[in-house]
2 protein chains.
Amino acid sequence: MSKVSLKALSEKLGLTEGTVSRALNNYTDISEKTRERVRAAAQEMGYRPNSSARRLAIGNAECVGYVMSWQLGHLSEPFLGELLDGLSESLSDRHWDLTLAVSRSAQDELAIISRMAQSGRVNGLVISRTLTHDPRVDRMREIGIPFVTHGRTANSDEHAWFDIDNYSAFREAVAHLCQLGHRRISHIRGPLEYNFAASRHAGYRRGLLDHGLDLYPELEAKSDMSENGGYRAMRYLLSLQKPPTAVVCVSDSVALGAMKAIRERGWRPGREVSVIGYDGLPLGEHTDPPLTTMAQPLQTAGRKIGDMLLAVIDGADPKQQQELWSATLERRETDGPPMAEQS
Amino acid sequence: MSKVSLKALSEKLGLTEGTVSRALNNYTDISEKTRERVRAAAQEMGYRPNSSARRLAIGNAECVGYVMSWQLGHLSEPFLGELLDGLSESLSDRHWDLTLAVSRSAQDELAIISRMAQSGRVNGLVISRTLTHDPRVDRMREIGIPFVTHGRTANSDEHAWFDIDNYSAFREAVAHLCQLGHRRISHIRGPLEYNFAASRHAGYRRGLLDHGLDLYPELEAKSDMSENGGYRAMRYLLSLQKPPTAVVCVSDSVALGAMKAIRERGWRPGREVSVIGYDGLPLGEHTDPPLTTMAQPLQTAGRKIGDMLLAVIDGADPKQQQELWSATLERRETDGPPMAEQS
DNA sequence: CTTGATTCCGAAAGCGCTTTCGGAATATTA
DNA sequence: TAATATTCCGAAAGCGCTTTCGGAATCAAG
């Protein structure tokens, strides 16, 4: 690729490679005059230091990795793009790269982590969708590579993480429904191995208890993270003797499916049964009716995660790199007071 | 990171680094016995060749880049995840990496391309959302780095590309509406600089002509690629003296916004005005009513693009690496015959 | 004008791996 | 057994860049 090497440049300048290198890297032992001369020549010849060579010499990959799992339809997560955007923004300040790896199995994922870390391909890693007990963080810690998780784990005290306060978010969502007068509040939850799903679930339960409501297992429906999962779960809930008057969903996507089930029954979301989603997706404004949701601030999450990772790489104490942000209730039109008892 | 180097490994084995290297890389001049011995030791010590060193020596980055632009809300594109997934799947066969770069301006994007290519950081590039006249492909060609575009350009004959036949898709969508009896068919189009938007627009027009319909500029509304853009565009169309009885939208997202505008007027998509989207997003099944759409097969597009890029890198003629796939009409419930004239 | 402190650059040693080349050691053929 | 052909590995030269070290040349101080 790069036809112009340091050697070519230095020969043209009548300097040694070392000198040119130092000039370009702003060493103080190079006179301002020659530094400029070198810069100009480099510019003119279109010199680009070979990354592999530089990285080898410098002993640094100038690169971090994001490893995402194939599971859970992770790839279609709404936060993917934003996260990558923020990450790369953070990295671009120092001209570092972002390498992506997607795994095809849990085993595969651990292998990928090891390989990327131990081959010196990256200086740090970030993973998303943490499990409560996540073998990936064990692996990363054992390897000793800097990392930050997007989402907490059971022993998050030990590492750097970024998370949204899912627990409080769902507690708040339930509180909101209670204030509207609901007492039969359902939850369509995600796979509980995932920390975020477990937190939301726990927050939901806590919300009920806050308001003196009992926990009814039949009011909790399991789902994957897809619209279809939400649809099926909601159909189940609607088939109950006494269907819930409100349901909080693990995500906006799931809420979308739930809404469809509600409509199919001839009911209307926000009237016969309120529904609250989670994510704050823009498309929620355009559903029928517009979806009330707990909106998470993901526009800058990636940026923050990147900054945290860089800090850890720079030697910061991972335990100090922990950030918990909050979601906020965004009322649209799928939440309303319960209708008069009807059975 | 990697504590065990080739040197350490070779010393432990009582062999030279060169020999160990050759053993690990399956050179034929190493006896099967020592090869096995080396493998075992490598495995045991957890040896991982340092990537930077390997890449430098080998003169190959073992890596390709995907550069995405910040524009157009590209990041939230539905195909992002699938594309990355497919790409990485293709690359993982040879254990190559995928590095991501997101640009913050058109200028920036060109700079990124140059830097990645000329610093030998990647062996090839892929870009999405091509413009009809795309300076990025000019740049890549001028640099001489292998690449494939996701979407065609004005001079696509010259390079490798993957695309969906947008033109035919929209022509077909219009044909479908005509067969249902529609004669006032609108199009909410995207920014025409983008090749895909221009193709869809052209396909729409061609569809009208196919059926002997005239082109009315006022029936074409411009929009960005967001739900909101579709919403505003549709409001405009509904404000016409004689609103269209059907509208084909540049994307499902845009269609979502359009549907909202239709509902707000007290009408129902598929009854007073039919709407057809494009993308085939799963969430379209759960809108109200479920969105009829031209579905594109993106599950394997990434894989294909990756394979094509690899082929070009391996020396294949870029002009032979061109692939055009078709979208297919997925009828759901937003298409129907026009209602009786009503004004 | 000499001595010592500064500037500024050349020389050279890597970074960790790959690959070519040549030559022992062993096997094959006459 | 001698001569030729094979097998298998050691030695060494890079890949392109960074960085330490030392020494001219230039400066300020005596």
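Here is how names work: the chains are called A, B, and so on, in the same order as the sequence lines, proteins then strands, and each is numbered from 1.
Proximity note for A:Asn50 (side chain, C-beta onward) versus C:dT18, D:dC9, D:dG16: the nearest is D:dG16. In the set D:dT18, C:dT19, C:dA11, C:dA11 carries the atom at the smallest distance from any side-chain atom of A:Thr16.
Proximity of B:Tyr27 to the phosphate of D:dT7: no side-chain N or O atom is located under 4.0 Å from OP1 or OP2. Put simply, B:Thr19 has a side-chain N or O that comes within less than 4.0 Å of OP1 or OP2 on D:dG10. Of the side-chain N and O atoms in B:Ser21, one or more sit less than 4.0 angstrom from OP1 or OP2 of C:dT18.
In this structure, CD of B:Glu17 is placed 14 Å from C1' of D:dC9, rounded to the nearest angstrom. When the C1' atom of D:dT19 is taken as reference, atom CG of A:Leu6 falls 13 Å away, rounded to whole Å. Rounded to whole angstrom, the span from the CD1 atom of A:Ile30 across to the P atom of D:dT19 amounts to 13 Å. The separation between A:Glu36 atom CD and C:dC9 atom C1' is 17 Å, rounded to whole Å. Between B:Asn26 atom CG and D:dC9 atom P there is a gap of 14 Å when expressed in whole angstrom units. The CG atom of B:Leu24 sits 10 Å away from the P atom of C:dC17 (whole-angstrom rounding). Here the P atom of nucleotide D:dA11 and the CG atom of B:Leu15 are 11 Å apart, to the nearest Å. What separates CZ of A:Arg37 from P of C:dC8 is a distance of 14 Å, to the nearest Å.
Residues B:Arg55 and B:Asp97 are paired through a salt bridge, judged by an N-O separation under 4.0 Å between the basic side chain and the carboxylate. Between A:Glu62 and A:Arg54 a salt bridge is recorded (basic side-chain N to carboxylate O distance below 4.0 Å). In summary, A:Arg303 and A:Asp93 engage in a salt bridge, as defined by a charged side-chain N under 4.0 Å from a carboxylate O.
Nucleic acid contact for A:Ser52: none, since no nucleic acid atom lies under 4.0 Å from a heavy atom of the residue.
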Each nucleotide N or O in nucleotides 13-15 of chain C that has a protein N or O under 3.5 Å away: list the pair and distance.
residue : atom : partner : partner atom : Å
C:dC15  : O2   : A:Ala57 : N            : 3.3

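In terms of polar N and O atoms assigned as donor or acceptor, the side chain of B:Arg22 comes within less than 3.5 Å of the base of D:dG10 in a complementary pairing. Judged by distance alone, with hydrogens and angles left aside, A:Asp29 brings a side-chain donor or acceptor within reach of the base of C:dC9, the pair sitting under 3.5 Å.
In this structure, B:Arg129 satisfies the cation-pi test against B:Phe196, with its NZ or CZ atom closer than 6.0 Å to the six-membered ring centre and inside 45 degrees of the ring normal.
Side-chain contact, B:Tyr66 with B:Ser128: a donor N or O sits under 3.5 Å from an acceptor N or O.
Residues satisfying the side chain to side chain donor-acceptor pair (under 3.5 Å) criterion with B:Ser92, sequence neighbours excluded, are absent altogether.
Atoms CG and CD1, on A:Leu110 and A:Ile143 in that order, are 9.0 Å from each other to the nearest 0.5 Å.
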